[in-house]
Amino acid sequence: MTVKPKHELSSDEEDIPLNSQKKRRRANATPANGNDIKIVKKEEDGYDSDEALSKVSRASKVSKVPKKNKSQKKKKEVPQKIVKEETANEEDESRDASIDAEDFKWWENQNKDDSIKWTTLRHNGVIFPPDYQPLPSHIKLYYEGTPVALPPQAEEVAGFFAALLESEHAKNPVFQKNFFEDFLQVLKESGGAKNSIEIKEFEKCDFRKIYDYFELQKEQKKQLSPQEKKQLKLEKEEFEEPYKFCFLDGRKEQVGNFRIEPPGLFRGRGAHPKTGRLKRRVYPEDVVLNLDKEAPIPEAPDGHKWGEIRHDNTVQWLAMWRENISNSFKYVRFAANSSLKGISDYKKFEKARQLKEHIVTIRADYRKNLKSKVMLERQIAVATYLIDVFALRAGGEKSEDEADTVGCCSLRYEHVTLKPPNTVIFDFLGKDSIRFYQEVEVDKQVFKNLTIFKKPPKKPGHQLFDRLDPSILNKHLQNYMPGLTAKVFRTYNASKTMQDQLDLIPNEGTVAEKMLKYNAANRTVAILCNHQRTVTKGHAAAVQKATEKIEELEWQKIRYKRAILELDKSELKKDPKFFEEIEDLTKEEEASIHKRVIEREREKYNKKFARENEKRKFDKEELLPESQLKEWLERVDELEEQYKKELETGEIQLKATLQNVEKLRAQIDKLDQRIETSTIQLKDREDNSQVALGTSKINYIDPRLSVVFCKKYNVPIEKVFTKSLRDKFKWAIESADENWRF
DNA sequence: CGGATAACTTAGCATATGCCGG
DNA sequence: CCGGCATATGCTAAGTTATCCG
């Protein structure tokens with residue numbers, strides 16, 4: 001218990017001055033705040049050093065695992081079916097593909113060393129975006145009111161901006177500036193405006209005419225007849241056909257993104273310094289193809305040549321090119337339903353499941369290490385805690401020319417606010433500049449440590465974990481389990497949470513009711529992972545509409561109750577509670593409901609009239625006379641009159657069929673039903689408005705959990721997985737029985 | 001060893017699709 | 001049956017991590 005680990009006795013590397021650590025971005029390098037020394041003093045944070053020590057002996061128990069585990073059981077490889085590349089009949093290629101995929105059940109026979117991804121790989125290359133089509137001569141950019149004769153190269157770039165004129169990007173000054181710089185550059189390179197107008201200021205450019213032209217084109221496309229649209233779609237599919245599939249070890253498999261990304265303006269998320277920059281056109285010369293050595297090399301377009309032909313069977317990309325915004329690579333890869341992606345996915349979840357065997361130890365360890373005498377160990381402990389409990393990402397360092405977003409290791413002083421005794425407010429921008437905001441209670445010792453990590457001279461801009469980065473953290477995690485890294489915790493906790501939530505669902509009720517609960521479970525996971533979406537622009541309006549609808553149902557119900565009392569006063573005595581709600585509706589509320597209902601009725605008839613006549617016009621039939629509309633509207637007027645009277649007298653007029661207490665009660669029951677469904681639906685929609693369920697379903701929740709749920713609860717799999725997810729998760733659907741557990 | 005980077009997963013948004021209620 | 005809305009899909013940006021390289 002009191003054995004002092006040797007590395008703590010010596011002045012170890014932990015105590016090197018912080019300012020000799022690798023330089024940190026964003027202003028101020030982390031100060032040497034003396035924490036490292038003070039931390040060992042008991043009075044600093046009052047921990048029991050004896051206890052702190054015991055942990056280290058524990059840590060030494062953790063077995064080191066070789067980096068590469070090559071000793072994994074090597075099962076026999078499935079004999080692969082050789083598929084003829086030329087099917088005699090090409091009429092139904094996709095059917096062939098699906099048969100192929102079904103034939104290859106890799107999950108029934110997991111194998112081997114996965115550094116070699118394939119032995120043969122053949123494909124037809126990639127699709128390039130069409131050449132630029134110059135605008136008609138009367139559509140121009142205007143500069144200080146004068147049309148500019150732009151060279152096509154520059155016109156194309158102006159068009160990229162014009163297309164975004166009504167978007168938020170176009171209002172963003174950084175976007176404007178970056179676009180304008182690149183635009184001027186292209187303009188210069190292409191010889192400047194042909195009518196020698198010199199463009200100098202962004203503010204003097206008017207892209208409206210180009211924008212309007214694009215809108216018109218969109219409109220015209222929409223106006224095409226269904227047959228024409230169908231024809232276009234058919235042509236598109238036919239053109240894409242050769243690129244959609246490839247042959248991997250002789251099996252026909254789907255390619256994911258076989259289209260080269262078209263040029264445009266870079267739309268970075270959040271405050272990205274490069275947003276608006278010109279993303280340049282990619283030519284065959286920029287593209288590297290990956291194929292097997294004997295594979296026929298697809299022909300490059302017209303007079304072009306491929307940049308390079310590679311034969312690298314240790315990777316799973318088919319083509320790649322370098323992109324000019326951040327100088328990184330873009331890849332053409334297999335589709336999500338491909339065997340290689342499926343295998344990776346399966347391994348990901350199996351790895352997460354493996355973490356179950358170690359999580360207790362890991363948690364016990366980081367709890368103990370929260371009190372370690374070594375600063376690095378404490379930071380590792382706190383970071384692991386945050387990653388485990390709050391599902392933070394690893395948080396690698398980012399460069400100055402990317403958006404300022406953070407994850408665990410890159411958290412800074414200002415991202416964490418401490419509220420004694422042990423409340424922490426996290427507020428930072430994470431991946432995709434999505435805000436992470438949580439006010440939470442944390443472990444007491446975690447709170448103390450965060451206080452230490454924030455101690456002066458540390459101040460805003462400084463790293464909280466000044467000794468840590470994902471590589472150090474991951475190396476530490478590998479000690480517990482081969483392949484364990486920070487991101488595995490997200491997968492593990494997401495799937496574990498889903499399992500726990502699904503376990504709480506009783507096997508009863510309709511499929512719809514079960515699905516509501518499944519989605520609620522899914523939502524718990526999405527919230528854990530902070531998967532958000534922006535509320536759709538019509539959301540507020542939609543909610544209001546639905547709320548009003550419910551109000552109107554309530555009002556109808558009250559009317560019927562009043563009507564019952566008119567028919568038979570004695571009903572009140574029999575069940576006074578039933579009639580209580582009549583009093584809930586004030587005259588004002590009722591009047592405003594009347595107004596809404598009437599207004600909607602009027603609108604309905606106006607629309608009906610307009611639509612009907614449009615149709616008749618198209619069919620060259622005689623139009624409805626205005627008198628028809630008038631007649632309809634008069635009926636609404638009558639209704640309005642009737643409601644007005646009702647409001648004054650309280651007397652309800654109903655059609656003859658409803659002049660009967662039993663029928664009214666039945667109607668009221670129906671209304672109650674509708675109110676309940678509508679209310680649940682509304683709540684569900686509201687709860688979902690800011691939460692994206694898809695991301696966790698696609699990436700984090702072991703699909704076998706959903707399969708088991710469906711099997712056990714008799715829910716059709718289509719209810720939980722869309723077509724594409726069923727393809728992606730075929731391995732799960734076919735392999736999990738109803739007793740499977742994460 | 002550490003920084004750079006290649007290769008992969010994860011992410012939200014825009015747009016296409018299709019489904020459901022009036 | 002049809003329009004409006006929700007959902008599914010496509011697109012590509014933005015992460016993580018292993019590995020490369022000096």
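Reckoned from all heavy atoms, side chains included, excluding hydrogens, waters and symmetry mates. Within every chain, numbering begins at 1; the chains are lettered A, B, ... in the order of the sequence lines, protein sequences first and strands thereafter.
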How many whole angstroms separate atom [atom1] of [X] from atom [atom2] of [N]?
X: A:Ile343; N: B:dT9; atom1: CD1; atom2: P; value: 12 Å
X: A:Leu340; N: B:dT9; atom1: CG; atom2: P; value: 10 Å
X: A:His539; N: B:dC13; atom1: NE2; atom2: P; value: 15 Å
X: A:Tyr700; N: B:dT9; atom1: OH; atom2: P; value: 12 Å
X: A:Asn530; N: B:dT10; atom1: CG; atom2: P; value: 16 Å

Using a 4.0 Å cut-off on protein heavy atoms (strictly under), produce a 5'-to-3' string for nucleotides 11-17 of chain C with B for base contact, S for backbone-only sugar-phosphate contact, and - for none.
-> SSSBSSS
Pairs flagged by ring pair (Phe, Tyr, Trp, His ring centres under 6.0 Å) wherever residues 524-554 of chain A is involved - sequence neighbours left out =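 Qualifying pairs, neighbours excluded: A:His531-A:Tyr700.
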Any side-chain N or O of A:Lys233 less than 4.0 Å from the OP1 or OP2 oxygen of B:dT17?
->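 Indeed, a polar side-chain atom of A:Lys233 lies that close.
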Centres of the A:Phe266 and A:His272 rings: under 6.0 Å?
->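 They qualify: ring centres under 6.0 Å apart.
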Polar pairs (N or O, both sides) under 3.5 Å between protein and nucleotides 4-6 of chain C?
from  : atom 1 : to       : atom 2 : distance (Å)
C:dA6 : OP1    : A:Arg685 : NE     : 3.4
C:dA6 : OP1    : A:Arg685 : NH1    : 2.5

[X]: which residues meet the side chain to side chain contact (heavy atoms under 4.5 Å, CB included) condition with it, sequence neighbours left out?
X: A:Ser344; answer: A:Gln316
X: A:Lys230; answer: none
X: A:Pro273; answer: none

So, do A:Trp731 and A:Arg704 sit near enough that their side-chain heavy atoms are less than 4.5 Å apart?
->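 When only atoms from C-beta onward are counted, A:Arg704 and A:Trp731 do touch, with a gap below 4.5 Å.
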pair A:Cys529-A:Thr695: side-chain heavy atoms closer than 4.5 Å |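 They are not in contact (no side-chain heavy atoms under 4.5 Å apart), so the answer is no.
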All N/O contacts under 3.5 Å from nucleotides 4-8 of chain B to the protein, with atom names and distances to one decimal?
from  : atom 1 : to       : atom 2 : distance (Å)
B:dA6 : OP2    : A:Arg322 : NH2    : 3.3
B:dA7 : OP2    : A:Tyr331 : OH     : 3.1
B:dC8 : OP2    : A:Gln316 : N      : 3.0

Indicate every side-chain donor-acceptor pair of residues 276-283 of chain A with a distance under 3.5 Å to a residue at least two apart or in another chain.
from     : atom 1 : to       : atom 2 : distance (Å)
A:Arg277 : NE     : A:Asp182 : OD1    : 3.4
A:Arg277 : NE     : A:Asp182 : OD2    : 3.2
A:Arg277 : NH1    : A:Asn178 : OD1    : 3.3
A:Arg277 : NH2    : A:Glu181 : OE1    : 2.6
A:Lys279 : NZ     : A:Glu261 : OE1    : 2.9
A:Arg280 : NH2    : A:Asp286 : OD1    : 3.4
A:Arg281 : NH1    : A:Pro130 : O      : 3.1
A:Arg281 : NH2    : A:Glu156 : OE2    : 2.9

Would you please classify the geometry between the A:Tyr331 ring and the A:Trp317 ring as parallel, tilted or perpendicular, with 30° and 60° separating the classes?
->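 It falls in the tilted class, 30° to 60°.
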Taking N or O atoms only and anything under 3.5 Å, show me the protein contacts with nucleotides 19-22 of chain B, one pair per line.
none

For [X], all residues meeting salt bridge (Lys or Arg N to Asp or Glu O under 4.0 Å), sequence neighbours excluded:
X: A:Glu219; result: A:Lys222
X: A:Lys244; result: none
X: A:Lys171; result: A:Glu168

Sidechain-backbone polar pair: A:Asp312 side chain, A:Asn290 backbone, donor-acceptor under 3.5 Å |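 No: the side chain of A:Asp312 does not pair with the backbone of A:Asn290.
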